[in-house]
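Beneath this line is the structure, given in structure tokens, with notes to follow.
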Amino acid sequence: VPHTAHGRALTAAASAPFRPENQKGIPGAEHSASRIQRAPGRPLRFGETELKTTLVELLIYITFLVTLSLMTFGMVSTNMYYLNKAMEDFFVERASDSGINFRSIGSRDDFWNYAEGPLLDGLYWKSWYDKGTTNDLKNTSYIFYENLLLGVAQIRQLKVRNNTCSIYPYFRPFLKSCYSRYSYRAEDKSDFGPSNESEWKYVSASSLSPWYWGYVGFYRSGGFIVTLPRSKEESMEKLTFLRQNGWITRGTRAVFIDFSTFNANLNLFCIVRLVVEFPATGGALTSFQIQSVKLLRYISYYDYFLASCEVAFCLFIITFIAQEAIEIKKMKMEYFRRAWNWLDMLLILVSILAICFNIYRTIEVSLLMEELLSDAHVYPNFYFLAFWQVIYDNMIAVNVFFAWIKIFKYVTFSKTMSQLSSTLSRCARDIIGFAIMFFIIFFAYAQFGHLVFGSQVDDFSTFQNCIFSQFRIVLGDFNFETLEANSVLGPIYYISFVFFVFFILLNMFLAIINDTYSEVKADFAVIPDQELHLADLLRQSYHKALVKLRLRKPDTDVGDETLEW
């Protein structure tokens with residue numbers, strides 16, 4: 001299918017009966033005309049054949065896309081969101097009698113108030129709302145009466161060693177200790193405890209365990225781990241002991257609270273991680289991860305239907321690999337000069353990675369599930385399995401995105417789509433030149449905003465935040481009052497940025513697209529449109545079907561002129 005005005009001109013010249021007046025001004029038309037003239041009296045139906053082939057390929061690809069969509073959207077549900085929301089409202093937003101909730105933790109004292117209050121109240125449900133007890137709640141805890149607490153909860157901390165930062169000589173007589181920000185090299189792994197005893201020992205983690213990216217640090221797995229007992233009273237005593245004996249020290253940089261639940265009604269695991277960072281600046285920063293995942297895949301009949309979709313998906317990928325291998329063998333290096341072929345290879349590569357992730361995740365779940373649930377007094381580390389499940393979901397999301405983009409490859413028989421693709425290809429060089437100029441100005445303003453407002457405004461506290469904030473300014477979603485931290489440079493920065501980026505650069509971008517589209521549309525207008533359209537093919541197919549069913553008399557004049565060269 002031609003993708004440029006030049007290609008469409010050749011197609012028009014080839015699809016029309018040979019007349020000298022039709023071939024003037026079209027590059028390469030003389031060669032096409034001579035080739036057609038060598039076979040006089042032989043009507044060719046290339047337009048119909050090409051369109052039918054494209055439609056067959058489109059229908060096959062739509063079947064693949066439907067299979068992929070069923071497979072991917074069957075892995076997620078709205079219940080995941082509601083389960084995450086319920087856990088967030090209860091463990092993050094719910095406050096104690098003193099008004100402390102997880103988000104409001106600002107010091108070590110606030111952390112202990114939260115741990116001994118809302119945390120324990122949320123983890124241990126021993127009675128129903130009417131204060132009555134049942135057999136289900138005697139030896140277990142059902143959060144919200146529906147989510148079984150798996151094993152016990154775990155509290156883990158990471159520390160840094162003393163004297164891990166440089167002190168200016170003038171201040172050394174006044175400062176006897178110095179704890180730097182968290183880093184792998186500064187981490188303290190020495191045992192400690194009350195009265196200098198070694199009660200709390202460092203526990204190393206596997207090298208494959210995922211790290212956690214917080215606000216002020218990138219934290220590894222492992223650390224000093226404490227597991228809570230299965231009863232609320234014993235857990236309260238243990239937390240009180242930790243608080244009174246200084247379990248959290250000046251060197252503590254992060255505390256992690258981990259626990260997992262299982263909802264049998266929905267067949268969903270919910271893995272909760274609450275993180276409190278104690279940066280070198282003092283104070284505390286809170287963050288959390290709540291992930292609802294479906295680790296046990298094949299239980300219901302619908303799950304087995306999704307399994308059949310996964311098998312069909314694998315067969316489609318094998319077929320696509322064979323097709324691309326045949327095309328590479330025929331076209332050789334010419335194959336790699338087309339953008340659509342690169343998209344095909346990218347889609348196949350991402351699909352293969354997704355299949356490998358799915359196989360690895362399934363094997364790990366089957367091997368670790370029984371081990372994790374074997375001891376009810378130990379924390380079952382489902383965070384590792386949830387991490388790989390999220391990786392698999394992200395891989396599938398990328399796969400679905402590129403799969404939908406590939407549809408444009410099969411709709412180029414439409415004149416409108418051909419105009420749009422020609423517009424983008426023709427103005428690509430101008431857009432690249434504009435992008436260079438745009439980002440030079442954009443990053444200049446980002447650095448300016450970071451240096452001027454970085455220490456006062458959260459939206460400009462990091463260079464990444466500056467970039468996102470400036471895109472929000474372009475979209476009109478920004479609070480100008482935050483820039484009043486600098487009453488002189490704030491208005492100058494905002495007005496000049498809006499003027500240059502919004503009123504000048506964005507209008508230049510639109511002008512490039514508009515002018516190129518006008519040129520392409522004018523080129524398409526002067527080319528004779530003698531190709532067979534989709535509507536013509538459908539009308540002819542409908543007419544032939546009626547004739548075969550003897551619902552209409554044959555009409556030999558319908559569509560003959562359109563199909564012949």
Side-chain angles (χ1 to χ4, degrees), residues 76-97 100-105 111-156 226-239 255-276 286-296 369 372-387 389-390:
V76 296
S77 67
T78 309
N79 294 323
M80 292 181 176
Y81 167 76
Y82 289 120
L83 180 56
N84 292 343
K85 188 68 169 60
M87 291 295 180
E88 179 182 345
D89 291 341
F90 195 71
F91 287 97
V92 177
E93 305 295 344
R94 184 168 176 263
S96 63
D97 296 336
I100 297 295
N101 64 5
F102 182 76
R103 289 188 184 275
S104 64
I105 293 177
F111 170 79
W112 290 118
N113 290 334
Y114 169 80
E116 297 175 3
L119 178 63
L120 294 185
D121 293 339
L123 288 176
Y124 300 101
W125 292 54
K126 294 301 181 183
S127 62
W128 295 101
Y129 60 91
D130 59 355
K131 305 303 180 182
T133 59
T134 63
N135 294 329
D136 293 338
L137 296 178
K138 285 185 177 181
N139 299 317
T140 57
S141 176
Y142 282 86
I143 300 175
F144 283 117
Y145 310 113
E146 302 293 346
N147 303 281
L148 173 65
L149 179 64
L150 302 177
V152 294
Q154 170 186 279
I155 301 179
R156 174 173 63 93
V226 175
T227 56
L228 299 180
R230 291 185 62 81
S231 69
K232 182 177 180 181
E233 294 75 15
E234 294 178 358
S235 297
M236 178 66 75
E237 293 178 359
K238 195 162 192 175
L239 289 177
V255 177
F256 299 83
I257 303 174
D258 297 297
F259 60 93
S260 304
T261 65
F262 176 70
N263 190 305
N265 304 329
L266 306 173
N267 187 26
L268 290 178
F269 289 83
C270 187
I271 291 85
V272 181
R273 167 165 287 184
L274 308 175
V275 184
V276 182
T286 60
S287 59
F288 61 93
Q289 283 185 348
I290 302 177
Q291 301 170 345
S292 294
V293 293
K294 187 176 181 180
L295 298 178
L296 303 177
M369 186 63 66
L372 292 175
L373 300 177
S374 59
D375 191 350
H377 298 276
V378 177
Y379 165 70
N381 189 9
F382 283 94
Y383 185 83
F384 176 77
L385 299 178
F387 173 80
Q389 177 68 38
V390 172

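- Between Ile143 and Met87 the shortest side-chain heavy-atom distance falls below 4.5 Å.
- The backbone N or O of Glu93 sits less than 3.5 Å from a side-chain atom of Asn101, completing a donor-acceptor pair.
- Annotation: ring pair (Phe, Tyr, Trp, His ring centres under 6.0 Å) contacts of Phe269 (sequence neighbours excluded): Phe262, Phe382.
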Checking side chain to side chain contact (heavy atoms under 4.5 Å, CB included) for the pair Asn79/Asn263: CA distance, chi angles, key distance, verdict? CA-CA 11 Å; Asn79 294 323; Asn263 190 305; over 6 Å; no
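- Under the rule for a side-chain hydrogen bond (donor to acceptor under 3.5 Å, both in side chains), Arg156 has no partner lying at least two apart in sequence or in another chain.
- The heavy-atom pair separating Ser235 from Pro229 by the smallest distance is OG-O, 3.1 Å.
- Contact detail for Asn84 and Gln291: the closest heavy-atom pair is OD1-C, 3.9 Å.
- Between Phe102 and Val276, some side-chain heavy-atom pair lies under the 4.5 Å cut-off.
- Listed by chain and number, the residues in a ring pair (Phe, Tyr, Trp, His ring centres under 6.0 Å) with Phe90 are Trp125, Phe144 (sequence neighbours excluded).
- Note that CD1 of Ile100 and CD of Glu116 are 12.5 Å apart. Values are rounded to the nearest 0.5 Å.
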Decide side chain to side chain contact (heavy atoms under 4.5 Å, CB included) for Leu228 and Ile155; before the verdict, give the C-alpha distance in whole Å, the side-chain angles of both, and the deciding distance to 0.1 Å. CA-CA 8 Å; Leu228 299 180; Ile155 301 179; 4.2 Å; yes
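- With sequence neighbours excluded, the residues that form a side-chain hydrogen bond (donor to acceptor under 3.5 Å, both in side chains) with Asp258 are Arg273.
- Separation of atoms OG (Ser292) and CD (Gln389) is listed at 11.5 Å; rounding is to 0.5 Å.
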Asn381 vs Gln154, side chain to side chain contact (heavy atoms under 4.5 Å, CB included): CA-CA, chis, key distance, verdict: CA-CA 9 Å; Asn381 189 9; Gln154 170 186 279; over 6 Å; no
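- Judged by distance alone, with hydrogens and angles left aside, the side-chain atoms of Lys294 form no donor-acceptor pair with the main-chain N or O of Leu266 at under 3.5 Å.
- Separation of atoms CZ (Phe111) and CG (Leu239) is listed at 7.5 Å; rounding is to 0.5 Å.
- With a 4.5 Å cut-off on side-chain heavy atoms, Val92 and Leu274 count as touching.
- Of the candidates Tyr379, Phe288, Tyr124, Phe91, Phe91 is the only one forming a ring pair (Phe, Tyr, Trp, His ring centres under 6.0 Å) with Phe259.
- Going from atom OG1 of Thr261 over to atom CG of Leu148 covers 8.0 Å, rounded to the nearest 0.5 Å.
- Looking at every heavy atom in both residues, Leu149 comes nearest to Leu123 through CD2-O, 3.7 Å.
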Could you please spell out the steps behind the side chain to side chain contact (heavy atoms under 4.5 Å, CB included) verdict for Val293 and Ile271? CA-CA 8 Å; Val293 293; Ile271 291 85; 3.9 Å; yes
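- Under the rule for a salt bridge (Lys or Arg N to Asp or Glu O under 4.0 Å), the partners of Asp121 that lie at least two apart in sequence or sit in another chain are Lys232.
- The two residues Leu268 and Met80 have their closest heavy-atom pair at CD2-CE, 3.8 Å.
- Among residues two or more places apart in sequence or in another chain, the salt bridge (Lys or Arg N to Asp or Glu O under 4.0 Å) test is passed with Glu234 by none.
- A salt bridge links Glu88 to Arg103: one of the charged nitrogens lies within less than 4.0 Å of a carboxylate oxygen.
- Distance check: Leu119 CG to Trp112 CH2 gives 11.0 Å after rounding to the nearest 0.5 Å.
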Evaluate the ring-ring contact (aromatic ring centres under 6.0 Å, His included) criterion for residues Phe256 and Tyr383: first the C-alpha distance (whole Å), next the side-chain angles of each, then the deciding distance (0.1 Å), finally the verdict. CA-CA 12 Å; Phe256 299 83; Tyr383 185 83; 8.9 Å; no
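- Here the closest non-hydrogen pair linking Ser260 and Pro380 is OG-O, 3.9 Å.
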